[in-house]
Amino acid sequence: MTRPFFPAMDHGHMAHALRLAARGMHTTQPNPRVGCVIARGETVLGTGWHPKAGEPHAEVFALREAGEAARGATAYVTLEPCAHHGRTPPCADALIAAGVGRVVIAHEDPFPQVAGKGIEKIRAAGIGVQVGLMRDAAHELNIGFFSRIQRGRPWVRVKLAMSLDGRTALANGSSKWITGEAARNDVQRWRARASAILSGSGTVLADDPRLTVRLPGDEPFVPPLRAILDTHLRTPAGFHVLDGSAPTVLLHAEGAAVPPHLQTVRRAAIRAGDGKGLDLRAALHWLAQHDVNEVHVEAGPVLCGALLAEGLADELLVYIAPVLLGSSARPMLQLPPLDDMASRWKLDTIDRRQVGDDTRLLMRPAA
């Protein structure tokens, strides 16, 4: 299949649309992040991005700004325009009504009610459509949305903070703070882009974490769901995850006794796994069914290791501090022993950068 040729001007406008889409990084959940640019030649006539679920989509804002000038112009959209009536009217219809002469789309929408129908509707109206410009960047921007729709589970990002010798806490459990302030602030942005923050009851009992987002100033975000794997419903009354500052769900074993203080807390029964805990795939499937696109994991070495060992960790977000904690300190991950080096877990480094005094690595299991 021959890929369409896109001139440099098209690349520039689509890059602009992708930057606009990224402005919804922390607010569009559960919808995808989408940007749109209306242009005639090099001249930008209108721009838009989708701010949050229930509000107009990117195309609508861009068309409003362009007005009558949109007639005969080119619309650059990072995701296929919708063709169905949801909480807002179809964007494909809006583009057709505006009389645009051409539509360039970065990526098709996998959502079953769209999935090619938007493209078909626009083409049926006699408007030229080209698809695939900066496809990979558009996919990356909505990697959790694609995962939920296509795989039936969220994209799972495991965050780890470790010393240079691969330790995450002292033998007594103390871990505040391994990394510096810049790294801890950086983590808040990764939390904010997630649909849910996942942890285990062991971490909750040991650290009583808040698992909330703390961004500077008045920067908007949709509070991620705090999802706690609490097999036997051990979370005590008065702990931060029950404080109501963010939505919380306790994922527990079927038949677990519910103590009085958890009677009014949102809960979900998850089938048991092969070991003593919950079936992690079933837990992720439950989250996907409840519109969770990206899961940010902040947990201990057992849960983080299990996600990696079971092939459920899509990314590792690792902060490495220039400190040493010694051989008695706790390891980063608890993984099963290997018989030979050929069986080792291989990772591809997607991004490497300095964050304050610490090094941040974004890695994915090698294909």
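Please read all numbers here as calculations on a predicted model, not as lab measurements. All residue numbers refer to positions in the sequence shown, counting from 1.
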Output the distance between atom [atom1] ([X]) and atom [atom2] ([Y]), rounded to the nearest 0.5 Å.
X: Thr78; Y: Arg19; atom1: OG1; atom2: CZ; result: 12.5 Å
X: Glu310; Y: Leu280; atom1: CD; atom2: CG; result: 4.5 Å
X: His107; Y: His139; atom1: NE2; atom2: NE2; result: 5.0 Å

With a 3.5 Å cut-off and no angle check, do the side chains of Arg167 and Ser163 form a donor-acceptor pair?
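No pair is found: no donor N or O on one side chain lies under 3.5 Å from an acceptor on the other.
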Could you tell me whether the side chains of Thr179 and Asp358 share a donor-acceptor contact shorter than 3.5 Å?
no
For [Y], is there any backbone N or O sitting under 3.5 Å from a side-chain donor or acceptor partner on [X]?
X: Glu59; Y: Ala92; value: no
X: Thr168; Y: Pro331; value: yes
X: Arg123; Y: Val129; value: yes
X: Thr231; Y: Ala253; value: no
X: Arg40; Y: Arg71; value: yes
X: Gln188; Y: Arg214; value: yes
X: Arg226; Y: Arg210; value: yes
X: Gln29; Y: Ser195; value: no

[X] vs [Y] side-chain heavy atoms within contact, under 4.5 Å:
X: Leu225; Y: Arg266; result: yes
X: Phe145; Y: Pro110; result: yes
X: His26; Y: Leu215; result: yes
X: Leu316; Y: Leu361; result: no
X: Gln354; Y: Thr359; result: yes
X: Arg360; Y: Asp351; result: yes
X: Leu303; Y: Ser199; result: no
X: Arg148; Y: Leu287; result: no

Apply side chain to side chain contact (heavy atoms under 4.5 Å, CB included) to Arg33 and Thr27, showing your working.
CA-CA 9 Å; Arg33 302 140 184 158; Thr27 60; over 6 Å; no
Cluster overlap [X] with [Y], hydrophobic side-chain contacts below 4.5 Å:
X: Leu95; Y: Ile119; answer: yes
X: Leu229; Y: Trp286; answer: yes
X: Val292; Y: Ile143; answer: no
X: Val318; Y: Trp345; answer: yes
X: Ile178; Y: Leu324; answer: no

For the rings on His16 and Tyr76, is their centre-to-centre separation under 6.0 Å?
no
Closest contact, heavy atoms only, [X] versus [Y]:
X: Asp230; Y: Ser201; result: OD1-CB, 3.6 Å
X: His261; Y: Pro236; result: NE2-C, 3.6 Å
X: Met14; Y: Val104; result: CE-O, 3.5 Å
X: Asp165; Y: Gly326; result: OD2-N, 2.9 Å
X: Tyr319; Y: Ala183; result: CD2-CB, 3.7 Å
X: Trp49; Y: Phe61; result: O-CD1, 3.5 Å

Taking it one step at a time, do Arg153 and Leu312 satisfy side chain to side chain contact (heavy atoms under 4.5 Å, CB included)?
CA-CA 9 Å; Arg153 71 169 180 83; Leu312 299 174; 3.9 Å; yes
Tell me, with the steps shown, if Ile38 and Glu65 meet side chain to side chain contact (heavy atoms under 4.5 Å, CB included).
CA-CA 9 Å; Ile38 309 292; Glu65 188 174 300; over 6 Å; no
Enclosure of [X] [atom1] (heavy-atom neighbours >12, cutoff 6.0 Å):
X: Glu219; atom1: CD; answer: yes
X: Asp218; atom1: CG; answer: no
X: Arg151; atom1: CZ; answer: yes
X: Glu68; atom1: CD; answer: no
X: His290; atom1: NE2; answer: yes
X: Asp274; atom1: CG; answer: no

Any idea how Phe6 and His11 line up, ring-wise: parallel (<30°), tilted (30 to 60°), or perpendicular (>60°)?
perpendicular
Going by the angle between their ring planes, with limits at 30° and 60°, are His57 and His50 parallel, tilted or perpendicular?
perpendicular
Salt bridge [X]-[Y], side-chain N to carboxylate O under 4.0 Å:
X: Asp109; Y: Lys117; value: no
X: Asp186; Y: Lys159; value: no
X: Glu140; Y: Arg364; value: yes

Can you check side chain to side chain contact (heavy atoms under 4.5 Å, CB included) on Lys52 and Thr28, steps first, answer last?
CA-CA 4 Å; Lys52 63 185 298 186; Thr28 62; 5.8 Å; no
If you link ILVMFWY side chains whenever their heavy atoms are less than 4.5 Å apart, which other residues fall into the same cluster as Phe239? By chain and number, please.
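Under the 4.5 Å side-chain rule, Phe239 groups with Ile197, Val204, Leu211, Ile228, Leu233, Val241, Leu242, Leu250, Val258, Leu262, Val265.
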Return the set of residues passing salt bridge (charged side-chain N to carboxylate O under 4.0 Å, His left out) with Asp10 (not counting sequence neighbours), or none when no residue passes.
Arg102
